[in-house]
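Here the structure is laid out as structure tokens; the discussion comes afterwards.
Computed from a prediction, not measured in an experiment: that's the story for all the values here.
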2 protein chains.
Amino acid sequence: MRKTGQPTINDVARIAGVSKKTVSRVINRSPLLGDDTRKRVEQVIGDLGYIPNPQARALALRRNFLIGLVHDNPNAQTVMNVQQGMLEALHDTEFEMVVRPVDRGSATMLEDLRHFLERQRLFGVLLMPPISENDSVAKLCADIGCRYVRMGSAVLDDPAHMVASNDREAVRGATGYLIEQGHRRIGFVGGPHGFRSARERRAGFEEALAAAGIALPRSMIADGNYTFDSGLVAAERLLDVIPRPTAIFSSNDEMAAGVIHAARQRGLDIPRDLSIIGFDDTPIAAHVWPPLTTVRWPIASMARSAALKLIAGEEEDDTDVEEPSLFLSTLIRRASVAAPGG
Amino acid sequence: MRKTGQPTINDVARIAGVSKKTVSRVINRSPLLGDDTRKRVEQVIGDLGYIPNPQARALALRRNFLIGLVHDNPNAQTVMNVQQGMLEALHDTEFEMVVRPVDRGSATMLEDLRHFLERQRLFGVLLMPPISENDSVAKLCADIGCRYVRMGSAVLDDPAHMVASNDREAVRGATGYLIEQGHRRIGFVGGPHGFRSARERRAGFEEALAAAGIALPRSMIADGNYTFDSGLVAAERLLDVIPRPTAIFSSNDEMAAGVIHAARQRGLDIPRDLSIIGFDDTPIAAHVWPPLTTVRWPIASMARSAALKLIAGEEEDDTDVEEPSLFLSTLIRRASVAAPGG
DNA sequence: TTGTAGGCGTTATCAA
DNA sequence: TTGATAACGCCTACAA
């Protein structure tokens, strides 16, 4: 109690007139403990304001109480939603969240990550997309004995290590909605190669068209990389095609904002001349003009669930309830979609 | 080396044929060490892939290597920029970042924070606005011996505990720009009461008008709370005034997007009928239509500097270079401003 | 320049 | 049901 000002387990033991181990048992809710001893110790703990030192526990238990968030996601809102969901799960537990961005492009990414995990000896990590799609990262975690749960747009791993949304189905539904409105010439702005989410969304798009018997010419597909600018460029390509598409599905909101931009630069009215659907339901979707119809996936819920999976069995509460592994997305209908021609 | 698979200082010592202390000296770059011994130990460390256990170090040193980010900022991009800046500073150090959102509205916020800080015994915390403006929080940190640095829109603390932007001056400049363009009826959308940034920005606005000898009727001021919707509502109030303002300064970008929305709903052309300036230069600023003229403050640089202040003296590199405490903002000129009437 | 003994605050083992 | 003793992996103080 001298140096740091914080009382230690020794102080509690001495004052309560019991051994350290007994105090430890009280802290850890050991079942074999006399009621009176427990009460007495708890009294002292309360009086002293004693708080167990997590570092010491980490050392003794050979594992710490840090959950890592490993991400390389460029979208701030998405990352924040994940953080929020994780923290909801970690709230009132002894776990804390440490954030670790990684550089997917870096040649040493895997080595850096290994070094980080080995050094910090994290209790577990939550892998966000798109890095979560990288199987070598999951393998790395498994190899060095670090628990992990991956978030993704499709099931990439066994349920214990995965929470997934079903992007394909969501996009199929969104595209179906455009078709219902009467659209037949529908352009597609895709995400970057190598992204599972990009692949899933495109597959959903193609499935919807196929189901409706609508041909999909190559000219109606343009690839982007999830950025505003790439969406703008892709839209310019699509809008050059004659006859022009009457609707465009964009694989994320940011690119959809670029599509809106491009359309407006050509004097096109949205949704009269062009309907647009995005994906993610980031704040930008509600704030662009006109407000963007988009697909919302339950990011925070997924992250919360993922974190709960990670610490499952560690916390006494309702560990019997299995965390779900598959999450449903919903189409948010706003003003950017109408029947062709108004 | 048995349980965890990770080699310990003992393994290194045994294999290198030296004492633990010698290995410890190598790790901590003690100057008094024979070159050959050092080389030999370093060789073994490399061979074994030995990494010192941060938990054990934390225990022995009675302090850990975690830097906290305490925030209650609703803007995702701002928080992410701060995280990025912090992590840049922490890169290649032994420090990690743990994130702690707090609820400013909660009655137990201060108690929660105290509990968090006492339990985790963080090395230090970075306080983001607006919670950083709360003097009791700073006092709490000081009381329990936790280093802290506050980020803010004005100097609220001594340089060792503060990195600040100069919002007042920035807004004065931005408003001056509108005046230069010929605007005389300029509306102001303010931030929420109790926010220092809101106060500073408003002061800057008023100073600019006063300097130009322009009266500021009460009707030209509408308060918001930094959200899109509040900006929209505020703009509706301002645009109802006759004669209408020819320009509006909005205290952040999100509200400025709401202003744009409101203007468009009335069929006003921006910038012909209404010029708009925002604050923050979030991505939304570049992506709305028309692109928004706004004030950019160097968030990431400020956060990096704040983190470096926190760990100053701990890292050997260039600790002689004092971290700056005041950061300048710049006006980013885009298409949302023109002379009145086009 | 290097080593020994002891401590940081906690938990595990095993005996009482 | 409790307690003594020994870890956990590292660092400081003091010796050699």
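In this structure, B/Asp35 places its CG atom 11 Å from C1' of C/dT1, rounding to the nearest Å. As a whole-Å value, the separation of A/Gln120 CD from D/dG9 C1' is 15 Å. Straight-line distance from the CZ atom of B/Arg40 to the P atom of C/dT1: 15 Å, rounded to whole Å. Per the geometry, CZ belonging to B/Arg57 stands 14 Å off C1' belonging to C/dC8, to the nearest Å. Spacing between atom CZ of A/Arg119 and atom P of D/dG9 amounts to 16 Å, rounded to whole angstrom units. One atom, CG of A/Asn64, and another, P of D/dC8, lie 18 Å apart when rounded to the nearest Å. Residue B/Gln55 contributes atom CD, which lies 15 Å from atom C1' of C/dT11 at whole-angstrom precision. Between B/Phe65 atom CZ and D/dC11 atom P there is a gap of 8 Å when expressed in whole angstrom units.
Evaluation of the ring-ring contact (aromatic ring centres under 6.0 Å, His included) test over residues 131-161 of chain A, restricted to residues two or more places apart or in two chains, returns A/Tyr148-A/His161.
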Could you list, one pair per line, each protein nitrogen or oxygen that sits under 3.5 Å from a nitrogen or oxygen of nucleotides 12-16 of chain C, together with the distance?
| residue | atom | partner | partner atom | Å |
| --- | --- | --- | --- | --- |
| C/dA12 | N7 | A/Lys21 | NZ | 3.1 |

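A heavy-atom distance below 4.5 Å is found between the side chains of A/Ser305 and A/Pro324.
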Test A/Asp143 against A/Lys139 for salt bridge (Lys or Arg N to Asp or Glu O under 4.0 Å), laying out the working first. CA-CA 6 Å; A/Asp143 285 349; A/Lys139 183 165 184 327; 2.9 Å; yes
Please test B/Asn75 against B/Thr78 for side-chain hydrogen bond (donor to acceptor under 3.5 Å, both in side chains), starting from the C-alpha separation and ending with a verdict. CA-CA 5 Å; B/Asn75 186 268; B/Thr78 303; 2.8 Å; yes
Evaluation steps, salt bridge (Lys or Arg N to Asp or Glu O under 4.0 Å), between B/Glu96 and A/Arg100: CA-CA 8 Å; B/Glu96 295 296 331; A/Arg100 183 71 180 195; 3.7 Å; yes
Chi angles and distances behind the salt bridge (Lys or Arg N to Asp or Glu O under 4.0 Å) call for A/Lys39, A/Glu42: CA-CA 5 Å; A/Lys39 290 234 176 74; A/Glu42 277 173 347; over 6 Å; no
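Within the 6.0 Å centre-distance limit, the rings of A/Phe65 and A/Phe95 are counted as a close aromatic pair.
Counting non-hydrogen atoms under 4.0 angstrom, B/Val23 reaches nothing in the nucleic acid. Heavy atoms of A/Leu33 sit under 4.0 angstrom from primed sugar atoms or phosphate atoms, though from no base atom.
Heavy-atom distances to DNA chain C give each of A/Ile51 and B/Gly34 a nearest nucleotide, and the one nearer the 5′ end belongs to B/Gly34. When the nearest nucleotides of DNA chain D are assigned to B/Ile9 and A/Ser19 by heavy-atom distance, the more 5′-ward of the two goes with A/Ser19.
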Pairing annotation in dot-bracket form, given for DNA chain D with Watson-Crick or G-U pairs under 3.5 Å and | for cross-strand partners: ||||||||||||||||
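Heavy atoms only, all atoms of each residue included: B/Pro7 and B/Leu48 are closest at CG-O, 3.6 Å. Taking both residues in full, the closest heavy atoms of B/Glu133 and B/Leu156 are given as CA-CD1, 3.9 Å, listed atom of the first, atom of the second, then distance.
Nearest to the side chain of B/Lys20, among D/dC10, C/dC8, C/dT4, sits D/dC10.
Side-chain N/O atoms of A/Thr37 include one lying less than 4.0 angstrom from OP1 or OP2 on D/dT2.
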